Amino acid sequence: MDLTEKQLDSEQVFEGRFLKVRRDTVSLPDGKQATREFIRHPGAVAVLALTDAGELVLERQHRYPAGQDFIEIPAGKIDPQEAPADTAKRELWEETGFIAAQWRYLGKAYPCIGYADEVIHYYLATGLTQTPRQLDEGEFLEVLLLPAREAQAMSLDGRITDSKTLVGLHWLAAWQQGTLPGEAI
């Protein structure tokens, strides 16, 4: 069965600094029409930065839309014409000050498939060296170093609820168990 929805009409209903909202009319597999409203996103990266001591680099940051602080892995949006691996290296350094000697690409995930086209590329960073960080203007966050096992426990008891971090911790555990080799970059 072909489940493809075909675009019949499209309009942009909002354009912000990096998000765009579209409203499309589509033809459904049964021939009927429906409206799809969704967000266009430039894509993002998320970094699982692991120290030689087995500590995971995390951040505590207030997220305005949810109205609360979250514990997250370092992440950020991909700038125009920037390769995702370059974004990962830049974001890790800017937000935490860490520079990694080794990088592995772990995979990608789509966090909000019902209303956005955002894709997040996941990287593992090891061989870390601490340098001064370079936060963006208006960016405020606290860097935390926690044993990876503690971060895993926090993902199970509700202290970590950010979806990109939950996916990242799942893939980190798979890499540590040898079932997700990743691709060296």
Side-chain angles (χ1 to χ4, degrees), residues 16-19 39-66 68-112 116-152 154-155 159-176 180-185:
R17 287 185 327 146
F18 77 96
L19 293 178
I39 298 168
R40 289 273 186 218
H41 188 285
V45 300
V47 181
L48 294 133
L50 197 59
T51 69
D52 292 341
E55 294 174 312
L56 191 60
V57 178
L58 296 166
E59 303 171 351
R60 186 176 65 85
Q61 177 165 205
H62 186 80
R63 295 298 192 168
Y64 181 80
Q68 65 185 44
D69 292 359
F70 286 88
I71 296 176
E72 313 170 37
I73 56 179
K77 74 173 184 66
I78 299 169
D79 286 341
Q81 315 307 310
E82 186 177 40
D86 293 336
T87 304
K89 293 172 185 178
R90 175 179 55 78
E91 288 290 341
L92 180 63
W93 171 69
E94 286 178 354
E95 293 182 358
T96 71
F98 282 104
I99 296 172
Q102 295 90 34
W103 287 88
R104 297 191 89 66
Y105 180 71
L106 299 178
K108 65 183 179 181
Y110 292 84
C112 309
D117 66 353
E118 179 182 11
V119 60
I120 300 176
H121 299 274
Y122 288 81
Y123 292 87
L124 174 68
T126 56
L128 302 181
T129 302
Q130 180 74 65
T131 69
R133 65 183 182 167
Q134 193 76 26
L135 290 173
D136 291 336
E137 186 174 332
E139 186 172 37
F140 301 92
L141 57 90
E142 175 186 7
V143 176
L144 310 169
L145 296 177
L146 295 176
R149 286 185 179 201
E150 184 177 341
Q152 291 286 358
M154 293 170 73
S155 76
R159 288 179 286 163
I160 291 179
T161 57
D162 167 58
S163 66
K164 77 177 168 308
T165 302
L166 295 173
V167 169
L169 289 171
H170 172 72
W171 286 357
L172 175 62
W175 176 78
Q176 289 175 319
L180 179 66
E183 177 186 333
I185 59 168

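Being a predicted model, the structure only gives us computed values, none of them experimental.
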Original post:
Any side-chain heavy atom of L166 within less than 4.5 Å of one from I160?
Top reply: yes
**OP:** Flag the pair H41 / F18 as yes when their ring centroid distance falls below 6.0 Å, and as no otherwise.
**Re:** yes
**OP:** Walk me through it: do D162 and I71 pass the test side chain to side chain contact (heavy atoms under 4.5 Å, CB included)?
**Re:** CA-CA 7 Å; D162 167 58; I71 296 176; over 6 Å; no
Original post:
Shortest non-hydrogen contact from K164 to A46?
Top reply: CD-CB, 4.4 Å
Subject >> Given E72, E95, E142, the one that forms salt bridge (Lys or Arg N to Asp or Glu O under 4.0 Å) with R60 >> reply: E142
Original post:
Should E118 and K77 count as an ion pair when the cut-off is N to O under 4.0 Å?
Top reply: no
**OP:** Determine the minimum heavy-atom distance between I73 and V47, stating which atoms define it.
**Re:** CB-O, 3.4 Å
Original post:
Is a side-chain donor or acceptor of W93 paired with a backbone partner of P132 at a separation under 3.5 angstrom?
Top reply: yes
Original post:
Once the angle between the rings of W103 and Y123 is folded into 0 to 90°, is it parallel (under 30°), tilted (30 to 60°) or perpendicular (over 60°)?
Top reply: perpendicular
**OP:** Can you measure from CD (E59) to CD (E91) and round to the nearest 0.5 angstrom?
**Re:** 8.5 Å
**OP:** Tell me, with the steps shown, if F98 and T129 meet side chain to side chain contact (heavy atoms under 4.5 Å, CB included).
**Re:** CA-CA 5 Å; F98 282 104; T129 302; over 6 Å; no
Original post:
Taking C-beta and beyond as the side chain, do D117 and V119 meet within less than 4.5 Å on heavy atoms?
Top reply: no
Original post:
Going through the distances and angles, do Y122 and K108 end up as a side chain to side chain contact (heavy atoms under 4.5 Å, CB included)?
Top reply: CA-CA 6 Å; Y122 288 81; K108 65 183 179 181; 5.6 Å; no
Subject >> Lys/Arg N to Asp/Glu carboxylate O, R90 vs D79, below 4.0 Å >> reply: yes
Original post:
Are any of the side-chain heavy atoms of R133 and L141 separated by less than 4.5 Å?
Top reply: yes
**OP:** Look at the side chain of T131 and the backbone N and O of G97, then say whether any donor-acceptor pair between them is shorter than 3.5 Å.
**Re:** yes
Original post:
Within a strict 4.5 Å, meaning less than it, do heavy atoms of the T51 and L145 side chains meet?
Top reply: yes
**OP:** Apply the test side chain to side chain contact (heavy atoms under 4.5 Å, CB included) to residues V57 and L128: give CA-CA distance (whole Å), side-chain angles for both, the deciding distance (0.1 Å), then the verdict.
**Re:** CA-CA 10 Å; V57 178; L128 302 181; 3.9 Å; yes
**OP:** Work out which heavy atom in L92 is nearest to a heavy atom in A125; give both atom names and the distance.
**Re:** CD2-CB, 3.9 Å
Original post:
How far apart are the closest heavy atoms of T96 and P74, and which atoms are they?
Top reply: CG2-CG, 3.8 Å
Subject >> Rounded distance (nearest 0.5 Å) linking atom CG of L50 with atom CD of Q102 >> reply: 11.0 Å
Original post:
Do you know the tightest heavy-atom contact between P42 and I78?
Top reply: CB-O, 3.7 Å
Original post:
Between T87 (side chain) and A83 (backbone), is there a donor-acceptor pair under 3.5 Å?
Top reply: yes
**OP:** With rounding to the nearest 0.5 Å, note down the distance linking CD in Q130 to CD1 in I99.
**Re:** 9.0 Å
Original post:
Rounded to the nearest 0.5 Å, how far apart are OG1 of T165 and CZ of F70?
Top reply: 10.0 Å
Original post:
Does Q152 use its side chain to pair, donor to acceptor, with the backbone of L169 at less than 3.5 Å?
Top reply: yes
Original post:
Should we say atom CD of Q134 is surrounded by more than 12 heavy atoms from elsewhere, each under 6.0 Å from it?
Top reply: no
**OP:** Specify the closest pair of heavy atoms between A184 and R104, including all atoms of both residues, with the distance to one decimal.
**Re:** CB-NH1, 3.5 Å
Original post:
With a cut-off of 6.0 Å (strictly less than), are more than 12 heavy atoms of other residues, nucleotides or ligands near CZ of R159?
Top reply: yes
